[in-house]
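These numbers were taken from a predicted model, which means no experiment stands behind them. Chain letters run A, B, ... following the sequence lines, proteins first, then strands; residues in each count from 1.
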Amino acid sequence: MIEILGVSSQALWGQLLIGLINGAFYALLSLGLAIIFGLLNIVNFAHGAQYMVGAFCAWIALNWFGVNYWVALILAPLVVGALGALMELLLLRRIRDLDHVYGLLLTFGAALLIEGSFRQFFGSAGLPYPMPEQLRGGRDLGFMVLPNYRAWVIVASAVVCLVTWLVIERTKLGAYLRAAMHNPSLLQAFGVRVPRMVTLTYAFGATLAGFGGVMAAPIYQVSPAMGSSTLIVVFAVVVIGGMGSIGGAMVTGFGLGLVEGLAKVFYPPASSTVIFAVMVIVLLLRPAGLFGRVA
Amino acid sequence: MTTGIITALGTASSNRWGRATWLGLIALALLLAAPFTGVYTEFVLHALCLALFASAFNLLFGFGGLLSFGHVAFFGSGAYTTAYALKVWGVTPEVGIVLGMLAATALGLVFGALAIRRQGIYFAMITLALAQLLYFLFVQAPFAGAEDGIQDVTRGRLFGLFDLDHPLAIYYVVVAICLGGLAVVQRVVQSPFGHVLEAIRENEARAISLGYRVNSYKLGVFTLSAALAGLAGSAKVLVLQLATLADVSWHLSGEVILMTLIGGVGTLAGPVIGAFVLVGLDTSLAESGIASGMVQGALFIACVLVLRRGIWGFFADRLERARTRH
């Protein structure tokens with residue numbers, strides 16, 4: 001067996017793969033954050049809660065209604081998206097003209113409320129969610145065994161990220177969205193319904209988070225706290241990448257997942273802190289973030 | 001905008017100075033008499049420590065305009081340092097508190113220098129991430145005792161003379177510490193330094209063009225706020241005799257923001273009122289079995305939507321309106 005710095009290549013590839021999976025979730029979540037921030041100018045603190053609700057929807061669908069993973073993968077994000085739209089209409093819309101700080105505080109409150117409600121009704125312990133049958137097992141790549149489900153997660157989230165990026169950068173709808181990010185009042189003067197766009201954009205960001213939650217359910221256990229712990233890391237990712245660029249958010253997400261995987265191989269105690277350490281270094285060297293404009 | 005509201009409140013409170021002084025004196029008298037009225041003093045002391053913590057946060061957010069989502073880092077580092085010094089090194093309480101404050105101040109200087117490199121929402125996210133970094137360090141560090149934290153901390157004798165295990169001694173010492181801290185906050189807000197902070201909050205570009213070193217002021221108030229938050233954490237250790245991971249967890253950062261918001265951002269009395277309200281609420285919720293996050297989240301939303309000026313701001317408005325009518 002080949003060894004690199006005293007670490008077997010098997011372990012190295014295995015950890016890099018896990019890193020890539022974490023990175024897939026970071027990318028999905030920071031993408032949603034970046035889109036919402038671009039149009040609404042708020043940091044969506046409820047993003048982690050929406051990711052958690054996505055996972056719980058899948059769990060509830062399976063255990064209460066016998067709905068399988070694939071249906072849940074479509075339905076749960078839609079439910080989360082609808083809840084997001086409702087939240088925008090009922091809450092966020094009322095504070096749009098206030099200081100952006102209030103948006104942050106409001107979504108933080110919503111996150112606490114959602115997380116607390118799930119804790120009240122489902123308890124704090126993690127609930128297991130079985131792998132979908134079609135994706136059990138793995139294939140031998142020669143240098144490592146690749147579990148099918150993990151390969152699926154990486155491919156699916158990469159595809160979702162790329163499609164989102166293409167829609168925003170290359171289609172007419174995306175052009176409207178970018179226009180609304182730059183100058184909403186001018187776009188409204190052209191007859192585009194910007195308020196509805198804002199609602200749909202927030203809902204779409206929430207949908208992405210819900211999609212991530214369903215994909216996470218079979219890998220991590222479904223628990224009320226799964227969102228907030230992930231979200232804080234994603235914030236560090238977003239500080240590193242800068243929220244100005246959609247593509248940057250994705251690249252940084254996957255990249256930092258890999259960094260985390262490497263830390264797990266070479267110095268395991270640092271794996272929970274390495275992304276924050278990278279954030280500190282980036283703040284010192286490039287205060288605006290890797291892909292960011294000075295904000 | 002927040003800033004406009006805060007300015008309005010600021011002028012209102014200086015006009016109403018007489019009435020506020022009376023209210024303050026009554027509160028002080030109640031506080032000093034509390035041990036003789038059969039009130040559960042540990043509750044009062046815990047709430048007071050959090051009131052100081054919230055006031056330190058409010059100094060940064062309400063008066064400096066900087067929203068820190070990781071203020072728990074300073075509260076927690078103060079608490080852990082004091083607990084460790086008292087328990088392992090066996091120092092006297094005043095030395096333990098000074099060490100706790102020094103640790104929080106040093107950390108505030110480092111975190112502040114990093115966080116002020118970005119503004120607005122990024123500032124909030126950076127402070128949150130840095131506090132989480134510290135949380136993970138405390139989870140792993142051998143001296144911090146992992147899940148158990150540092151328990152059964154001995155209070156010792158203040159200056160080697162007064163035994164703090166006496167209920168009245170610990171009560172009045174902690175009351176004195178917290179009131180001292182609150183007095184510092186008030187003094188800073190009313191100082192020339194505080195006025196420059198206000199100018200920076202209102203219009204940073206203009207403050208720069210007037211020749212103020214804006215970043216030095218920001219770092220200054222950040223460090224000062226961190227030191228006071230550390231003092232609050234150290235005082236908490238004297239009261240509850242333990243430091244645990246809850247003292248460095250992001251939930252407490254959220255709670256301290258909520259206290260400030262409930263009481264009234266940018267007012268001196270607001271955070272104190274908010275701390276007592278929230279600690280009282282948490283105590284009663286603990287008995288009822290309702291998840292506190294649910295209630296806190298709902299309160300957050302209610303404050304942002306309908307009670308942006310907080311309880312104190314709301315009553316200050318009423319008083320002001322009643323006065324102008326006459």
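- Among Ala111(A), Gly103(A), Gly109(A), Ala236(A), the residue with the largest count of heavy-atom pairs under 4.5 Å with chain B is Gly109(A).
- Your options are Met279(A), Arg94(A), His100(A), and the one with the most heavy-atom pairs under 4.5 Å with chain B is Met279(A).
- Checked against the 6.0 Å centroid criterion, the rings of Phe235(A) and Phe69(B) do not qualify as a close aromatic pair.
- Scanning residues 125-133 of chain B against chain A with a 4.5 Å heavy-atom cutoff picks out Met125(B), Ile126(B), Leu128(B), Ala129(B), Leu130(B), Gln132(B), Leu133(B), ordered by number.
- Using a 4.5 Å cut-off between heavy atoms, Ala115(B) makes no contact with chain A at all.
- Contacts between Phe37(A) and chain B at a heavy-atom distance below 4.5 Å involve the side chain alone, from C-beta outward.
- Per-residue heavy-atom pair counts under 4.5 Å with chain A were compared for Ile301(B), Leu305(B), Leu137(B), and the maximum is reached by Ile301(B).
- In summary, the side chains of Asn183(A) and Ser185(A) do present a donor paired with an acceptor at a separation below 3.5 Å, with no hydrogens or angles considered.
- In terms of heavy-atom pairs under 4.5 angstrom with chain B, the leader among Leu284(A), Leu104(A), Ile232(A), Val233(A) is Ile232(A).
- Interface remark: Leu299(B) contributes no atoms to any contact with chain A (heavy atom separation under 4.5 Å).
- Looking only at atom types and distance, the side chain of Asn22(A) has a donor-acceptor partner in the side chain of Tyr220(A) under 3.5 Å away.
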### Task
Start with the C-alpha gap between Phe222(B) and Phe74(B), add the side-chain angles, then the distance that decides, and say whether ring pair (Phe, Tyr, Trp, His ring centres under 6.0 Å) holds.
CA-CA 11 Å; Phe222(B) 194 95; Phe74(B) 314 118; 5.6 Å; yes
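- Looking only at atom types and distance, the side chain of Thr199(A) has a donor-acceptor partner in the side chain of Arg93(A) under 3.5 Å away.
- With a 4.5 Å cut-off on side-chain heavy atoms, Val43(A) and Val238(A) do not count as touching.
- Residue contact with chain B, scored on non-hydrogen atoms closer than 4.5 Å, is absent for Ile114(A).
- Remark: the Ser228(A) side chain and the His251(B) side chain contain no N/O donor-acceptor pair separated by less than 3.5 Å.
- For chain B, the nearby parts of Leu283(A) are the backbone and the side chain; heavy atoms of each come within less than 4.5 Å.
- Ring centroids of Phe61(B) and Phe123(B) are separated by 6.0 Å or more, keeping the two rings apart.
- Between Ile311(B) and Ile262(B) the shortest side-chain heavy-atom distance falls below 4.5 Å.
- Rounding to the nearest 0.5 Å gives a distance of 10.0 Å between CD1 of Ile21(A) and CZ of Phe254(A).
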